[in-house]
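For reference, the structure is listed below as structure tokens.
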Amino acid sequence: MVDQHLVKENLFSFWLNQQSEDGEGGEIVFGGVDPKHYKGTHTYVPVTQKGYWQFEMGDVLIGGKPTGFCKDGCSAIVDSGISVIAGPMNAITEINLAIGTMGIINDQCKKAIGNVGNLVFDMFAAMFKEPGKLCSHITICIPGDKATDGSDIRSVVDISDGLTGPPQIPICKACEIVVDFWHKVLTNNMSRGAVITLGSQLCAVTGLAGVSTVDCARLPFMPTISFTIGGKEFELSPNEYITKIGEGASAQCISTFIPLDNPPEVGPLWILGDAFMRRYHTIFDHGNLRIGFAESA
């Protein structure tokens, strides 16, 4: 279009309607901008890497307070092809904890951990129930075969210095002691509880690392989340970074913050998707290799 002189400027711009119920989802303008869809002036940042319109972003703020996630700078891209906001797992986890999310699979995961954990414990406890049979089965010892019980074996120290060492425990007996010990551990409720509790904690972490929900009643009390771009803070309110599905008691509120970790050589990367672009009109200035943001109208 630029080569054929079909557009006035070498850029395109996005406006995504925050009030989608009125039927108009948004607007993309090739070769210009629509002034009725933004307020004030745009803040521009240079493109640092072509292809994904990558730029340098400053720190992320929770409730107006710096987090230090990007104190040394972070790479970011703005992408209309993704509805969420993605970032490094440690940063996203802290944000989701700050807004009070719960893993959407957390409860199901905990139930599975409890059921499967107890089943595994029961299976192993049954296996260790009869030490003699188990030790015979794994051929450590053979019932009635005294030659295999290790009673004639003495340590090298006993032979070399003529001193009498501690009495040697037959191999069969040692095996039975170990098996009996593990049977007691596996049938101990405290042991089970500790392992299952650890599994439940892992469920919570897994929930935060994936899709996370939040109590819709908490929306008025959640903090703002801000991104520093071009020295200016671009703020998102809870209503902007939380997606609400349904109404009334059955409504479900989902965090748009999801984790995205990159290899160390790439470094932290944030993707500002539709949740960000709905609040901020975006200009992709191809001619000047820069991106501009202004509050949507």
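- Here salt bridge (charged side-chain N to carboxylate O under 4.0 Å, His left out) pairs that include residues 6-18, with residues two or more places apart or in two chains, number zero.
- No donor-acceptor pair under 3.5 Å is formed between the side chain of Ser13 and the backbone N or O of Thr282.
- Residue pairs meeting the salt bridge (charged side-chain N to carboxylate O under 4.0 Å, His left out) criterion with at least one partner in residues 276-292, sequence neighbours excluded, are Glu240-Arg279, Arg279-Glu295, Asp285-Arg290.
- Residue Tyr44 holds its OH atom at 13.5 Å from CD1 of Ile229, rounded to the nearest 0.5 Å.
- Trp270 has its side chain within reach of Met57: a pair of non-hydrogen atoms, C-beta onward, lies under 4.5 Å apart.
- Looking at heavy atoms from C-beta onward, Ile28 lies in side-chain contact with Phe30 at the 4.5 angstrom threshold.
- Looking at Leu11 and Phe284, their side chains never come closer than 4.5 Å, going by heavy atoms from C-beta outward.
- Not counting sequence neighbours, the partners of His42 by the side chain to side chain donor-acceptor pair (under 3.5 Å) test are His281.
- What you find for Phe69 and Asp59 is that their closest heavy atoms are N-OD1, 3.2 Å.
- Taking Asp261 as the reference, nothing meets the side chain to side chain donor-acceptor pair (under 3.5 Å) condition, with sequence neighbours excluded.
- Heavy-atom minimum distance, Gly64 versus Thr224: N-OG1, 4.1 Å.
- Under the disulfide (SG to SG under 2.5 Å) criterion, no residue pair touches residues 264-297, with sequence neighbours excluded.
- Counting heavy atoms from C-beta on, the side chains of Met222 and Ile242 come closer than 4.5 Å.
- Side-chain contact between Phe55 and Leu272 is present, with heavy atoms from C-beta onward closer than 4.5 Å.
- More than 12 heavy atoms of other shown residues, nucleotides or ligands fall within 6.0 angstrom of atom NE2 in His37.
- The CD1 atom of Ile82 lies 9.5 Å from the CD1 atom of Ile85; values are rounded to the nearest 0.5 Å.
- Pairing each heavy atom of Asn96 with each of Phe257, the nearest pair is ND2-O, 3.4 Å.
- Residue pairs meeting the disulfide (SG to SG under 2.5 Å) criterion with at least one partner in residues 29-80, sequence neighbours excluded, are Cys70-Cys74.
- In this structure, the side chain of Trp53 does not engage the main chain of Thr48 through any donor-acceptor pair within 3.5 Å.
- Residues satisfying the side chain to side chain donor-acceptor pair (under 3.5 Å) criterion with Lys36, sequence neighbours excluded, are Asp34.
- Looking at Leu61 and Ile225, their side chains never come closer than 4.5 Å, going by heavy atoms from C-beta outward.
- A distance of 10.5 Å separates OH of Tyr280 from CZ of Phe293, quoted to the nearest 0.5 Å.
- Under the salt bridge (charged side-chain N to carboxylate O under 4.0 Å, His left out) criterion, Glu130 pairs with Lys133, sequence neighbours left out.
- Counting heavy atoms from C-beta on, the side chains of Ile95 and Ile62 come closer than 4.5 Å.
- The side-chain contact (heavy atoms from CB on, under 4.5 Å) search around Lys65 returns none, not counting sequence neighbours.
- Rounding to the nearest 0.5 Å places OG1 of Thr256 at 9.0 Å from OH of Tyr241.
- Each salt bridge (charged side-chain N to carboxylate O under 4.0 Å, His left out) pair with one or both residues in residues 70-95, not counting sequence neighbours, would appear here, but there are none.
- For the residue pair Ser255 and Thr101, the shortest heavy atom distance occurs at CB-CG2, 3.9 Å.
- Of all non-hydrogen atoms in Met277 and Ser296, the two that sit nearest each other are O-OG, 4.1 Å.
- To the nearest 0.5 Å, the span separating OG on Ser83 from CG on Leu16 amounts to 11.0 Å.
- Between Leu260 and Ala86 the shortest heavy-atom distance is CB-CB, 3.9 Å.
- Partners of Ser75 by side chain to side chain donor-acceptor pair (under 3.5 Å), not counting sequence neighbours, listed by chain and number: Gln54, Glu56.
- Taking CD1 of Ile254 as the start and OG1 of Thr213 as the end, the distance is 7.5 Å to the nearest 0.5 Å.
- Under the disulfide (SG to SG under 2.5 Å) criterion, the residue pairs touching residues 216-278 are Cys216-Cys253, with sequence neighbours excluded.
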